[in-house]
Amino acid sequence: MTKEPYLILAGGVGAAKLIEGLAYATNPKNLKIIINTGDDIELFGLQICPDLDIITYTLANLVDKKKGWGFKDDTFNCLSILKKYYNFNWFNAGDKDLATHIYRTDLFKKGLKKSEITKQICQKLGIKSELIPMCDEPFETLIKTPQGIMHFEEFYIKNQCKAEIIDVIFKGKNTAKPVDGILKHILNANKIIICPSNPIVSIGTILSLPRIRETLEKVKEKVMAISPIIKGKTVKGPADKLMKWKGLEVSCFGVAQYYKDIIKHYIIDIRDCKYKPIIEKKLDIITYCHDTLMTDLEKKIDLAKFLLSL
Ligand code: GDP
């Protein structure tokens, strides 16, 4: 059987930085990317898929790199009126971004699946990599807090991750299944790369789907992950808070513990090299130290080339 090239498991902003580097380091056609849909939300009657959109705009070279999401040079005229109509002020979507949500919602209404719509959007924007939402069925990450249950986006943006986390609920987990072909891609991939993404709510959602974890376990020799935690801190977002809730140490070691059954190779940041011996000894994962803080394009490409060389 011919091996497929690289399979990537991805969340949003952290993943997009690495994927941009990978798209320079190899032919973008070599990349198949499975993307978290737990952050997907319906607002203003529109279907919004934050992680899918961040990766899409990044690969189309249209993303606002400063913010890490949305289109570059976007305006917010439509949103200013929507906010008045809906008396609503916590979610941001630019005019061009809203065009994606309108198009996606229109195709949903015509009966297309999320994976089919994603293909169409990628084709229209000239993307050569294959983007695959993790599932076609509804799936929502909800955060239970003392103030009530919130959608993950509401917890992240409106609440600014301030509320105490009582529980994390993957609504739809029992009816969702991996999009057709994902399990086969896992078996056939030459290398599998788990991006530096939130382990619990970006990668954890993908791993919660039927047979994904078991299939990765079977091929763990070719699976590598990059730690999203550097010196005990997240670069961005609430991964630290969610890891604490899960009972994990907030460090690259804690992330490795979470992935230990599905990875054989692990890249930690050079600032965390002291963890290499303990991860290798206790968890039996081959660990590499590299600069993983992707502050510019050069660093993204450097990390991508390093991964592809392993
Ligand atoms: P989100 O859905 O937008 O939060 O995006 P992800 O799940 O992809 O990413 C969030 C995680 O990416 C956080 O835990 C960050 O610490 C991590 N991250 C972001 N940028 C970088 C980076 O340059 N290097 C590393 N190692 N991790 C990063």
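Keep in mind that what you see is a predicted model, and the values were worked out from it rather than measured. Read the numbers this way: they start at 1 and go in the same order the structure lists the ligands and their atoms.
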Between Asp64 and Tyr57: side-chain donor-acceptor atoms closer than 3.5 Å: no

Under 3.5 Å side-chain donor-acceptor pair for Ser227 and Tyr275: no

Close-range residues for ligand 1, whose non-hydrogen atoms fall below the 4.0 Å threshold: Gly11, Gly12, Val13, Gly14, Ala15, Lys17, Asp39, Asp51, Tyr156, Pro196, Ser197, Asn198, Ser202, Ser227, Pro228, Ile230, Thr234, Val235, Lys236, Ala239, Thr292, Leu293, Met294

Test item: side-chain donor near acceptor, Tyr266 and Glu280, under 3.5 Å: no

Centroid separation Phe88 to Phe44 less than 6.0 Å: yes

Pairs flagged by side-chain hydrogen bond (donor to acceptor under 3.5 Å, both in side chains) wherever residues 142-168 is involved - sequence neighbours left out: Tyr156-Lys236

Cluster link Val235 to Ile301, ILVMFWY, side chain under 4.5 Å: no

